[in-house]
Amino acid sequence: MYAIVEIAGKQQKVEKSQELYVNRLDGAEGTSVKFDQVYLIDNDGKVKVGSPMLKGAHVNATIVSHLKGNKILVFKKKRRKGYQKLNGHRQYLSLIRIDDILEKASAKKAVKKETAVEEPKNEVITESKTEKTENKE
């Protein structure tokens with residue numbers, strides 16, 4: 001079983017008990033997060049596709065750790081001009097573990113109590129033209 005989910009602005013293909021690196025998420029290590037933007041779920045060949053998202057489907061995950069990615073070096077040079085520039089960058093990442101992929105929310109529906117309140121009926125009083133003319137004479 002796998003799902004296509006939007007996590008931190010990027011679409012990811014996730015499976016249960018998979019660990020993956022995503023852009024830094026808010027929350028402390030060990031906390032659970034819920035991703036509601038599920039685009040597709042494949043359950044042993046039974047594919048459900050949303051338009052654009054599946055209603056009631058969500059993915060539960062746990063933040064394992066926060067870390068930095070590998071250093072990326074960007075080197076710029078213009079030959080015969082004496083111009084050289086070296087920049088480095090390390091992306092902030094979060095390591096998450098996928099706990100569950102749920103097709104429909106298992107939240108209990110709250111029963112709404114409706115009270116029977118009678119609203120006053122608006123009566124429209126109209127006078128016919130004959131009555132108006134009789135009243136004037």
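Owing to the predicted nature of the structure, the values given are computational and were not obtained by experimental measurement. Along the sequence shown, the residues carry numbers beginning at 1. Values reported hereafter were calculated over all heavy atoms of this structure, with side chains retained and with hydrogens, waters and symmetry mates removed.
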Expected list for residues 82-91: side-chain donor-acceptor pairs under 3.5 angstrom, two or more places apart:
residue : atom : partner : partner atom : Å
His89   : NE2  : Gln91   : OE1          : 3.1
Arg90   : NE   : Gly69   : O            : 3.0
Arg90   : NH2  : Gly69   : O            : 3.4

Should side-chain heavy atoms under 4.5 Å link Ile, Leu, Val, Met, Phe, Trp and Tyr, which residues sit in the same cluster as Val33? Met1, Val5, Ile7, Val14, Leu20, Val22, Leu25, Phe35, Val38, Ile41, Leu54, Val59, Ile63, Ile96, Ile98, Ile101
Please go through Tyr92's hydrophobic cluster and name the other residues, only I, L, V, M, F, W, Y counting, with side-chain heavy atoms under 4.5 Å joining them. none
Kindly state each residue pair satisfying side-chain hydrogen bond (donor to acceptor under 3.5 Å, both in side chains) with at least one member in residues 11-24, sequence neighbours excluded. Glu19-Arg97
Taking only residues two or more places apart in sequence, or in another chain, which ones meet Ser32 in a side-chain hydrogen bond (donor to acceptor under 3.5 Å, both in side chains)? none
Once side-chain hydrogen bond (donor to acceptor under 3.5 Å, both in side chains) is applied, do any residues pair with Asp99, and if so which ones, sequence neighbours excluded? Thr62
Look only at the side chain of His66 and the backbone of Gly27, and say whether a donor-acceptor pair between them is shorter than 3.5 Å. yes
Asp42 side chain to Gly45 main-chain N or O, any donor-acceptor pair under 3.5 Å? yes
Check side chain to side chain contact (heavy atoms under 4.5 Å, CB included) between Ser65 and all other residues, then give those that pass, not counting sequence neighbours. Glu29, Leu67, Leu95
Non-hydrogen side-chain atoms of Lys48 and Leu40 separated by less than 4.5 Å: no
Distance, nearest 0.5 Å, that separates CD of Glu103 from NZ of Lys46: 9.0 Å
So the salt bridge (charged side-chain N to carboxylate O under 4.0 Å, His left out) pairs with at least one residue in residues 59-76 (sequence neighbours excluded) are none
